[in-house]
Each structure stands twice: as structure tokens, then as C-alpha cells.
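As C-alpha cells, the structure follows; a few thoughts come after it.
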Amino acid sequence: MDILDGLNPAQRRAVEVISGPLLIIAGPGSGKTRVITHRIAYLVKVCGISPRHIMAVTFTNKAAKEMKYRLETLLGQVSRSLTVGTFHAICAGILRQDGSAIGLSPRFVIHDEDDQLNMIKQSLQELNLDPRQFSPRAIQSAIKYAKSRLLTPADYAKQISNYYEEIVQRVYERYQQSLDQSHGVDFDDLLMKTVQLFTEHKEVLSRYQSRYKHILVDEFQDTNLTQYMLIKQIGEKHRNICVVGDPDQSIYSWRFADLRNILSFEKDYPDTTVAYLEQNYRSTKIILDVASNIISANFQRKPKRLWTENEIGTPITIIETFDEEDEARFVAREIEQLVSENITKFSGCAVMYRVNAQSRALEETLIRYGIPYKLVGGIRFYQRQEIKDIIAYLRVIYNQNDSISLMRIINVPARGIGQRTSAEISAWAKKENTPLYHAVKKAAQRDGIVLTPRSSYAVSCFVDLIEELTVRSRELKLSALIEELLRKTGYKAYICEQENGDERWENIMELTAVAREYDSLDPPEGLAQFLEKVSLVQDTDELDERTNAVTLITLHQAKGLEFPVVFITGMEEGLLPHRKSASPDEVEEERRLCYVGITRAQKRAYLSYALRRSLFGGSSRTTPSRFLKDIPSELAIHKTSWQEKEDAFTPVTSIYSVKPAKADNFIKLEVGDRIHHRLFGDGIVIDCLTSDNDQEITVAFTTTGVKKLLASLAPIEKL
């Protein structure tokens, strides 16, 4: 196939510029993934660049998976020689290969957010600091910020300016010691230690510079200083660095993304070629115009003109509701209406919000209405208790120095090793400055740690279990190893005795099914790759798009997704923009967040606000978001949830001359009539509201409850 076929002129230009730095400003829905993959295919097929010399970096596993699939379609088997993945996954591979140069074991484990928080709590305890006075989460954030700026504990100590920063430095130092002792890293270490490796060992950096002649980075507006430095280091020799992004979609400053990276790219690389992707393939003209009007009020951006050949579409709906319950009822009724009219399916609808707490009213209402939904950002599969237990066992089997995982499973299922025994072993390990597992083995042998005979026997049995499973991990395929682990530990009987035991056991069976995907690898390589995969999994990776259910999701998590219908709830001052957004820069990011949400919509968008909202521990009156004022009146229909329904039938005139569908042919009904609805089944009409050319009917359905329908649009027949 011709690599350039099907590309618009702007996309072709972005593909064909192959030498030197390239900045691609890609608007939402402009086909940036298509451009990146076709550019890679062009480099390989037309320019003769070996796939081995190309690196493509993405921000999510989902994006990496899609990119790999498209590249395999374009290039076939040779695509497997490409390096495609997230920053964290690529850096993990580099450190497994060459991290020993900076003292990092190739068998290091990657600690997730919960593990990190537990280690920080442990560090506070060891330093005799009160977690009520010094929030573990706040300290975790401070440490993450330090690492995003490439500051080691020693570097951080040099810039201390107050007492709190002194506390952070002490905890940071102890936390890092715990990580190093357990042969572990956190997510930020994967990046920071790779920069350290390249900085301290130029011969290692030189190998990677020689290998990667072309580097492509997606979502460049979301990079932090460490990620920027990584790309600069690897790309310094050949300077064929292609970065793709959109300053208007930079919404992760709380993850320490630095907008200046993309805004200053041309300054750092003066010979940069700039390409703009402005044609949108996702949304209607009206949705794009609404989004453009909102974002144009920002100053920190690169102006662009989004346009589309898609239909004009219907005006967006701005709905005023009384409170969050009323708002949720509006959303539920509107979704029912859209589904009943075959405009979309449940899976075509996404309800977005600024903070997770907003999902409560929405969930309760959708349950009452019998509308299926999936909540993104709830308890993730790999964060469930039973899954974390099994993974902790596997991590200890793979790396016995992983003290966090060891402490999790030392008495799970219960085997007679109580908290007092664990504390004694931990204290001895700390005193002797030795790995925890070494202390456990000493306790089993009653060598230096004197326990009761019963406790000593229990610890001895645990050590025998781990030693045996460690040996088996070098012999068994991954799924067989998990089955052996479950059998030896008696975990099934343990978990099935707990609440929802059967469901929890099904989760473990699902984990075993995932493990079978790694059975093609020789042990223990399958175990190593599996542990790395589950450590790097993200919220949206577990979003099953095949399920016919409404998606509930925060605006931050919605980045990179698209839906036929989008509801953005809580369009109020204090929520969007958020009450903590005090500075102009912070308000600009909130505006970008609103822009991202609206541009997820393909066909229809609804923006709702409540006059009163119970949130953050209180109830108060609210003010509509300032962002709503930026939407021209001709692009929107304004409604209140309690207004007379016939108002909704009034023709709307806009600059596009949008008119409602005609509703002259419908079955006229009366109270007491029996009907059949294609989706909701049989019911009785209990109320009718007639306008000039339509009827709104309220129907009590036998199985699905009371619902309101428009007679002209609902798929009904009179019985």
C-alpha cells in the first residue's frame, strides 16, 4: 500500500519531513496516531531506515497497544523490531539491561502507588514523625515533585528553605533507602535512574544514541523535566526528534507536566520544522466551534483553527438543574431518551466530572433507573485485595528482597506469624541493616532472633514455602506456577471464606487466564515480564469498550478517549474551574480541561450545572462556570430541568440554521392506554402532555419502571 494514501496535505507534510527536529501541533481528533504510525512506516519503507533504529514513545499502555497494532498492519513482522512503548516501560527495559552500572539489580521490582504510600508511612514511623501532622500523601507528592525535577535526597537537602521541606527531605532519604534495600524502584525512579545512568555512563548513552536514529514522542505537552531530559539525551547525536502534542490539551501539571516543554521546543531546537494538524475527524462543526470559543481565552497556547468536513450537528445543550440529584436525574433521563430513539447505545454515552466525589449521585441514580454503567477509577482489577496478595507472592518469589510484598503475605493466609513476631523480625533487620527476608531466615533458624517455638516453626514453614516456590519458578510456566502457589498456600479456602468469596476467587481465575498469555516464554522470563506489565497498568487500560454500559469518568481520565455523546456535569465555579485554581496559570489549565472534555464528543454534548450542590462536606449555592460565558448563544440550547417540556419543541435558529426534526406523525395516546416499547417492554400511559405537534407521555412499564418519552420518537406501538 502507498504509505501516503488517505493522508490530508498537512498530515503528508508531517510524514515526509524526515530530517531534523519536527514539532507537530495536533488538534483533538486530527489523526495524530495515524500520522505517527505512517511516519514510522514511511521511514522504514521509503527511506530505508531499519526498524531497530526507531523509538516511539507514548503516555499510556492503551495508546502503545493501538500504535503497535497499526504498525503491524502497515509493516508486518518487521514492526516487532521497533521500540514502541510508554516512557516507563521503555526505561524499565533499559534499566533491566544496563542498570547494574549504577548498582541496580536486573531483578528489581516496581512499586505501585499504594506500595509507595505504605513505605512513606513506614518511614514516618521509623523517624518518629506523626502522620497526622505530616500527611503521607502530601509527602509522597513532594517526593514525586523532587524526582520529576531530577533531585536526589542530597540535592533536595541543598534547597531546603523551611521546616516542612526539612521533614520531606528526611522522609525522602529514608524512603529511598528502603527502596534500595528491597531492590525496588518507584515509577519516578524508572525515569530518574535512566537519566542518571546516561549521565554517569557516557558509553551506555552512546550505545542508545547510535541505535535510535529517529525518536517520536506522542503527547509531548504532558512531559516533565525528566522525560524532556531523556529525549534530549538519547536524541542528541542524530537530532531527528519528532514531538507531537497540543498545548491546549496540557492538563497534568499536578503530575508535574511542564507546558514549557512544548511551548519552548522551537527555542531549544532553532532549526525545528513546525506542522499543524487542524482538520478534525471526530466532532461536528458546532462542537468544534464551542470548544474553540472556550479555549481561545487562554494566553499560553499556540493558536490554531480547528475545522472539519463533518456535519454541522445539533447545538450543545446547557442545562440548569436544582442540585446534584436533579442533575443526575436529567442525565439518566436523557440517556434513556437517546437509547430509546436509537441515537446511540449506553456504551456511546460518557458522563464526565471534575472530581471523583461527583460520581456518587450519578451512580445511585443510574442504579435506580436500571441503566448499566462502568466506573473508571474505582477499585482497579490489579488493586483488589486477592489480586495484590497473589502478585505479592510472585514478587517475593522473583525478588526475595522485596520487603513490602514480603510483609503483605508473611501471614496470608494466616499461618501463626502474628504482628508481634513480624515487628520483632523487622526491628532486627533494621538494627542489623539487613534485608527483611534474610532476617526471616535467621528467625526460622533461631539464629540471632529468639522466637517462641511455635512462632519459629511457623516462620520456618513460610521460608520453606518461599524457597520451594522460588525453585519451581525456574521450572514452571507462569500459569502453572500460580496454580502451584494457590495449592501450596491454601489460598482458595482462605479467600472463599471471606465476604464475596466466590467473586474474589473468580478474579483470581481471571488473573490465571492473563498469566497464560506469558506461558510462551521460558521461566522465569514469563514471570519477569508479567510482573512488569501489572506494575505499569493504568486506569484506562482496564476500560472494556465492548461492554454496553455508560462510562463514568473524570475529565482527566477521559483524555485520549471519544464517545458519540458526552455529558460534562458540575459546570460551576469551584468545580470547573476548581476552587483550588487560584492563579491565572491554574485557571488556564482548568479551561484546557473543559476543552478536552468537550472535544471527546463526536455527535452531542451536554453541559450541566446545579444551583445548589452538596460536596466537600457541605451544601451551598453555586455559580455557573465562567467558561459557559464563552459559548456563543447561537451554538447552544439553554434549558432548566424543571421548565415546561413544550419549550423543548420550540425551533432553534442558529448561525447554521439548525432546525429540529419534524414530529407530525405519531400515535396519539391517552391516559390508561397500554403500549409496547421495543426496549422497555409493556406499560401503561399514566400521564400525557400534548403540544402542537407531539406528546410527552409518562409510562409505567412492567419491568423497567416509570419513564418519560416523546411519542413522535419513541419506538412504541399501542396495544
Side-chain angles (χ1 to χ4, degrees), residues 316-341 343-375 549-555 563 565-572 575-576 597 601 604-615 619-622 624-625 628 636-649 677 679-680 683 685-689 694-701 703-711 713-714:
I316 68 163
T317 299
I318 299 176
I319 183 78
E320 177 183 278
T321 64
F322 178 70
D323 58 15
E324 69 273 10
E325 310 291 344
D326 188 33
E327 179 182 56
R329 284 192 295 271
F330 165 76
V331 170
R333 289 196 300 264
E334 195 68 21
I335 289 173
E336 278 190 334
Q337 186 82 357
L338 292 168
V339 172
S340 69
E341 295 169 9
I343 291 173
T344 188
K345 298 187 290 188
F346 288 126
S347 57
C349 299
V351 187
M352 302 177 185
Y353 35 83
R354 177 63 177 83
V355 297
N356 278 306
Q358 288 175 257
S359 72
R360 191 269 313 163
L362 292 162
E363 286 190 78
E364 291 178 359
T365 302
L366 292 177
I367 289 170
R368 283 201 304 272
Y369 276 71
I371 296 175
Y373 71 90
K374 51 197 173 191
L375 179 67
V550 174
T551 298
L552 301 184
I553 190 169
T554 67
L555 287 161
F563 303 88
V565 180
V566 165
F567 296 82
I568 302 180
T569 59
M571 290 290 299
E572 300 142 28
L575 270 180
L576 192 63
R604 299 193 181 202
Y606 297 80
L607 310 180
S608 65
Y609 62 92
L611 298 177
R612 176 174 290 277
R613 187 175 295 275
S614 298
L615 203 63
S619 177
S620 60
R621 290 187 60 83
T622 64
S625 170
L628 295 174
I637 298 173
H638 293 259
K639 292 183 183 180
T640 60
S641 60
W642 56 83
Q643 75 185 89
E644 289 297 319
K645 296 300 180 182
E646 55 260 34
D647 290 354
F649 304 137
H677 188 285
L679 183 64
F680 303 132
V685 178
I686 59 174
D687 191 23
C688 288
L689 181 64
D694 209 341
Q695 271 187 320
E696 183 189 88
I697 57 172
T698 304
V699 183
F701 288 99
T703 57
T704 54
V706 177
K707 303 187 185 297
K708 291 186 177 182
L709 309 168
L710 286 180
L713 298 174

Legend entry - Spatial distance of atom CZ (Arg329) from atom CD (Glu334) [nearest 0.5 Å]: 15.0 Å
Legend entry - Nearest-0.5 Å distance, CG of residue Leu366 to CD1 of residue Ile335: 6.0 Å
Legend entry - Those residues that, when tested against Thr344, pass side chain to side chain contact (heavy atoms under 4.5 Å, CB included) (two or more places apart): Leu338, Cys349, Pro564, Val565
Legend entry - N/O donor-acceptor pair under 3.5 Å between Thr321 side chain and Asp326 backbone: no
Inset, instruction - Taking side chain to side chain contact (heavy atoms under 4.5 Å, CB included) as the test, write out the residues that go with Thr569, two or more places apart. - result: Glu327, Val331, Val351, Tyr353, Gln358, Leu362, Ser608
Legend entry - Between NZ on residue Lys374 and CD1 on residue Ile553, distance to nearest 0.5 Å: 9.5 Å
Inset, instruction - Not counting sequence neighbours, which residues clear side chain to side chain contact (heavy atoms under 4.5 Å, CB included) with Ala350? List them please. - result: Met352, Thr551, Phe563
Inset, instruction - To the nearest 0.5 Å, tell me how far Gln337 CD sits from Phe330 CZ. - result: 10.5 Å
Inset, instruction - Considering non-hydrogen atoms only, spot the tightest contact between Thr640 and Ile319 and give its length. - result: C-CD1, 3.7 Å
Legend entry - Results of salt bridge (charged side-chain N to carboxylate O under 4.0 Å, His left out) for Arg604 - residues two or more places apart only: none
Inset, instruction - Apply the test side chain to side chain contact (heavy atoms under 4.5 Å, CB included) to residues His677 and Val699: give CA-CA distance (whole Å), side-chain angles for both, the deciding distance (0.1 Å), then the verdict. - result: CA-CA 10 Å; His677 188 285; Val699 183; over 6 Å; no
Legend entry - Side chain proximity check, Leu575 to Thr622, heavy atoms < 4.5 angstrom: no
Inset, instruction - Working to the nearest 0.5 Å, report the span between CZ of Arg612 and CD of Glu324. - result: 10.0 Å
Legend entry - Contact summary for Ala361 and Ala328, nearest pair of heavy atoms: O-CB, 3.6 Å
Inset, instruction - Kindly write out the residues that satisfy salt bridge (charged side-chain N to carboxylate O under 4.0 Å, His left out) with Glu364, not counting sequence neighbours, or none if the list is empty. - result: Arg360
Legend entry - Which residues share a side-chain hydrogen bond (donor to acceptor under 3.5 Å, both in side chains) with Thr554, sequence neighbours left out: Gln557
Legend entry - Residues forming a ring pair (Phe, Tyr, Trp, His ring centres under 6.0 Å) with Phe567, sequence neighbours excluded: Tyr606
Inset, instruction - Quick one: list whatever passes side-chain hydrogen bond (donor to acceptor under 3.5 Å, both in side chains) with Thr365, sequence neighbours left out. - result: Arg368
Legend entry - Donor-acceptor under 3.5 Å (Glu320 side chain, Leu611 main chain): no
Inset, instruction - Search all heavy atoms of Leu375 against all heavy atoms of Glu363 and return the closest pair with its distance. - result: CD2-OE2, 3.6 Å
Inset, instruction - Working to the nearest 0.5 Å, report the span between CD1 of Ile316 and CG of Leu607. - result: 4.0 Å
Inset, instruction - Compare every heavy atom of Cys688 with every heavy atom of Ile697, then report the nearest pair and how far apart it is. - result: CG2-SG, 3.9 Å
Inset, instruction - Heavy atoms only: give me the nearest Ala636-Ile318 pair and the separation to one decimal. - result: CB-CD1, 3.9 Å
